[in-house]
Each structure stands twice: as structure tokens, then as C-alpha cells.
Amino acid sequence: MTNFKNLRGMVDLLPAHSQGWQKVESIALKHFSRAGLNEIRTPIIEQTELFSRGIGENTDVVGKEMYSFDDRGGRSCTLRPEGTASVARSIVQHGLLNNGPQRLWYRGPMFRYERPQAGRQRQFHQIGVEFVGLPSVMSDAEVISIAWDFLKDVGLVDLTLEINSLGSNEDRNVFKEELKNWLNQRFDLLDEDSRKRINVNPLRILDTKNKSTKELLFEAPSLKDFLSNKSKIRFDYLLDLLDKLKIPHKINNNLVRGLDYYSHTAFEITSEHLGSQATVCGGGRYDGLISELGGPRAPSIGWAIGMERLIILAGEKILQSKSPDVYVIHRGDKAEQLALEITCQLRSFNLKIELDYSGSSFSKQFKRADKSRARWALIIGEDEASKGQLLIKKLRHKPKDVESNEYTFLKEDLDQLIKKLID
RNA sequence: GCGGGCGUCGCCAAGUGGUUAAGGCAGCGGCUUGUGGCGCCGCUAUUCGGGGGUUCGAAUCCCCUCGCUCGCCCCA
């Protein structure tokens, strides 16, 4: 086999699916624009250190999933594994916060070197929102509601919003020490993975899928008992606001998420219809990231939605492409010129026109017209061409109306023809 | 990185050692030189992911390899 193939985990978006993506993206744009967000586009390659510093040296994403390489100048570069770090970098670099808080959205490909499986690819696409420089609890609620409303509008059902508070950095550090102690006392009861994590990233152990460790953890100290009063009040208020917005939510005290920069609010929107990769949207608050990258103190919150997973959930319906309004059938040299001319004219009226190129018999062309699911056929043969006439025929009509579904117009009376096509 | 399943035409798919590798969909052509949605007829894989081996003979057995897929870890 000498033919070329796409790299593992890299997926072509084929014509049969592209209109579905466009549909979803246009719904997203509608939601973003009415929420007053502006788009930001950043490069898909950054210097490696941006991600290792921003996302966290000990995270799985940085530790084993990055597409990194040295460029010809010997600089270590990385294909972005997520969007937030790049957006934060750009905001700091261009001093955008001097113009006040930033409400932004982005979309594009992300890269993670993992074994592909259902709902997971090496190149995948995220569409995301970042509210930067807004400490208010209201912004948490607003940001979540944008995601929720968007997903609902796309037609998704059976979604669950899981939410947790990680507290402030101080809360969490106290808790981490306490948890480490507790875990170390039960070291030989832990599974291998969790043992490795104790010192590196003890919080992630809370999220373990290992059964016996999970049972053990029922007795473990809980992060929520270490939240300061301030953090608790903040979280409770957020839950209140979500109630007011009628967004159902489930508190999940073990929801930690894999990126280091989160504090206070962490959330995921999941679906039971996705197989084992259940998260369609993940996000949270990152109050320290901007300053960590050299910017001002700018508490922020955002989320990212996985487009591929979203499309899976939206299902077949959204992938169906729009059928043409008119399928143009023609035969003969003179007819061909008129057909092209009329096709272009009709398109200027925003009608979707498909022009037959086969030059085969009328019978064949009609068959193709039918297959295209067009509402109308426009027929130009030798007769029409010489008389300057246009014949249209309504397709997909009940047989009893056969005699009444053809109409002839002079090519000068295009506006009458269009009127007929539209009604 | 670690487990399980699978690889026959663009898609679905029969075939499990014996001369020509079913069938369906899609495509192309015809029945029908100007009228579709139905029907009928014809055409479309020297070849079974690739390489090696066993055998008189392999898509069918063995070995290696590549790929896909599902799951674990983790995430969108």
C-alpha cells in the first residue's frame, strides 16, 4: 500500500459532515455575539514553556500528551493542547486588560498525543469562552449559562452540569497537606497510580477510578471541609444564581480537573450518550494564571466544548445538508450557455442551484435531479434555448398533480419565475 | 504506555484449504435521441491491509508487520 493516509488520530472533515459543523458554529456565534463576546485567534503553536508553566508541569496533558518538537532554530515548540494558555499569553502580551475586562471566545484545532478512541482524537476541535479580569460570582454563572444555553440550542438533551469548588489557593494548600498525611498513613492500601500521585498531585487521587481506592476515600478528608468561609459563601451564591437561571446542577466534590490553574469553580457538562468520554464541556475559574504568565492580577473563568463530541451528541439530524432549491437540466450547445447564465443569475437571489454537467439524456438528468432532493428542476433544451424560454418543473410532487407542475417563462421574466420558485 | 476486537470493491457484506471471490447500496451506460421518484438489463475487486512461510493448491492455516476500533489512564 503506497497510498497516503492521514496520521493516526487526525481526522478529515468530509463534505457529508461539513454543513453540520457550520450549523453548530453558526449557533455558537449567535450565542457569543448576543452575549457581547469578541473572537480571539491565536497561533496553534507556542513555545513549549507556555504550556508547561501555564497548565502545570505535573499534569497528564503536559507530562505525556504534548506534540512538542524543536524548530530549525532549536526552540522547543508545542502544538497547543488547549486554548486557555494561548489566550492568556496573548492578553498579557498585548496588554488587553488595559481596556478593561475581556470577554472572549475562540475556536480551532487542539492537539494531544493519546490513543484515539470514541470521542477522542489527536487533533480535535474546541470552541471556548474566556472571561478575563472578572472576579465576580456573577461571571461564573453567566459563563456557565452561555455554555448551557448553547448546548441546549443545538438540541442536546440529557445533559448534566457537575460542579465543585476547589476553594482559594490557600484553602487548597492546607487541604493538600492534610490529604497527603491521611493518604500516607494508608499507603499500602492504595493502588499503584495513586501512590505515585501522593506527592505530585494528591488532588487527582480524589478522582480515581480504582474501586478499592475509591471506597477507601469515602473516609478521606474532604476538600469542602477545608474551604474558607469566604470560599463557601462564594460557592453557595453561585449555586443560588444557577437556580435562578434554572440551570440544573449536581455538586461533585471529587471533581478536580486535570489542569493546575483552576481555583474556586470547576465544572463539567457531561452526557450519558458519549460512551466513556462523557465530558462535552469542561471549565473553571483560573484566578492565578494571568499573573503567573507575567500579567496583572486578573481573576478569570472559562470553558471549552469539544466539537467532535458535540457533533456526536447532536446526531445524524444536524449533519444533513440542505438540498438545492433548483436543479438545472440542459441539453445542447445553446442550452448549455443559457443554463450557466440563468444559474448564476438565480444564485444572486440567494437560491441554491445545482447545475448538471453530465450532458446525458433528459431521463438521466431527471434521475439525478430527483436524487439531489431539489424542489424544482429547471429544464433548458434545444426548444427552450431557441425560443428564449425557461421551463421549470416541481419535483417530489404527488402523481395526481402531474399535469399541473410545469411552468414556462420567458428568460426576460426571471422575476416571475423566481416568484414561482419561492412560494 | 497497557488490555480486548477487527481488517474481502467508494460503503455494507458472504465466503473458514480446491478450477471463474456471492449479494446489496452508491456510480456509469441502456430499455426511454425531451422528462424523475418504480421496474428491468448490462458494466464496475486478476484480488482479499502488507510481507514472509506451510501446501500440488490459501481470502481461508502459521509467523511478522501495518492499520482501524473499543476500553484503561486522562481529558474536549
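Just so it is clear: chains get the letters A, B, ... in the order the sequence lines come, proteins before strands, and each one is counted from 1.
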A:N6 or A:E308: which one's nearest nucleotide on RNA chain B is closer to the 5' end?
A:N6
Both A:Q126 and A:L7 contact RNA chain B. Which one's nearest nucleotide lies toward the 5' end?
A:L7
Can you check whether A:G167's main-chain N or O pairs, donor with acceptor, with A:R172's side chain at less than 3.5 Å?
yes
Any donor and acceptor pair, going by atom type alone, linking the side chain of A:S90 with main-chain N or O of A:V87 inside 3.5 Å?
no
Tell me whether the count of non-hydrogen atoms from other residues, nucleotides or ligands lying under 6.0 Å of OH in A:Y113 goes above 12.
no
Nearest 0.5 Å, what's the [atom1]-[atom2] distance between [X] and [Y]?
X      : Y      : atom1 : atom2 : answer
A:R195 : A:L183 : CZ    : CG    : 11.5 Å
A:I301 : A:L238 : CD1   : CG    : 7.5 Å
A:D356 : A:Y327 : CG    : OH    : 3.5 Å

Distance to the ring centre below 6.0 angstrom and angle to the axis at most 45 degrees; does that hold for A:R186 and A:W182?
yes
Cation-aromatic face contact A:K393/A:F366, 6.0 Å, 45 degrees:
yes
Tell me, with the steps shown, if A:S300 and A:I290 meet side-chain contact (heavy atoms from CB on, under 4.5 Å).
CA-CA 8 Å; A:S300 308; A:I290 298 283; 4.1 Å; yes
Please list residues of residues 43-65 of chain A whose heavy atoms come under 4.0 Å from any atom in RNA chain B, ordered by number; otherwise none.
A:D60, A:K64, A:E65
Where along residues 114-125 of chain A does a heavy atom come under 4.0 Å from RNA chain B, residue by residue in number order?
A:E114, A:R115, A:Q117, A:A118, A:G119, A:R120, A:Q121, A:F124
Which of parallel (below 30°), tilted (30 to 60°) and perpendicular (above 60°) describes A:F150 and A:F32?
tilted
To the nearest Å, how far apart are [X] [atom1] and [N] [atom2]?
X      : N     : atom1 : atom2 : value
A:Y262 : B:C74 : OH    : P     : 16 Å
A:K5   : B:C66 : NZ    : P     : 13 Å
A:Q365 : B:G36 : CD    : C1'   : 11 Å
A:I205 : B:C73 : CD1   : C1'   : 14 Å
A:Y113 : B:C2  : OH    : C1'   : 14 Å

So, A:S358 and A:R368: side-chain donor and acceptor under 3.5 Å apart, yes or no?
yes
Partner nucleotide, any strand, of B:U32 [Watson-Crick/G-U, under 3.5 Å]:
none
Taking any strand in view, what nucleotide pairs with B:U44 in a Watson-Crick or G-U wobble way, both distances under 3.5 Å?
none
Within the 4.0 Å limit for protein heavy atoms, which parts of nucleotides 27-34 of chain B are touched? Write it as a string from 5' to 3', B for base, S for sugar-phosphate only, - for none.
SSBBBBSB
Give a yes/no on whether any side-chain N or O of A:R373 is located under 4.0 angstrom from OP1 or OP2 of B:G36.
no
Looking at the side chain of A:A304, which of B:C73, B:A76, B:C68 is the nearest nucleotide?
B:A76
Less than 3.5 Å between a donor and an acceptor, one on the side chain of A:E406 and one on the base of B:U35, is that the case here?
yes
Mind checking the C1' distance from B:C63 to B:A26? Whole angstroms is fine.
38 Å
List the steps and the verdict of side-chain contact (heavy atoms from CB on, under 4.5 Å) for A:K411 and A:E384.
CA-CA 9 Å; A:K411 70 174 182 186; A:E384 287 78 14; over 6 Å; no
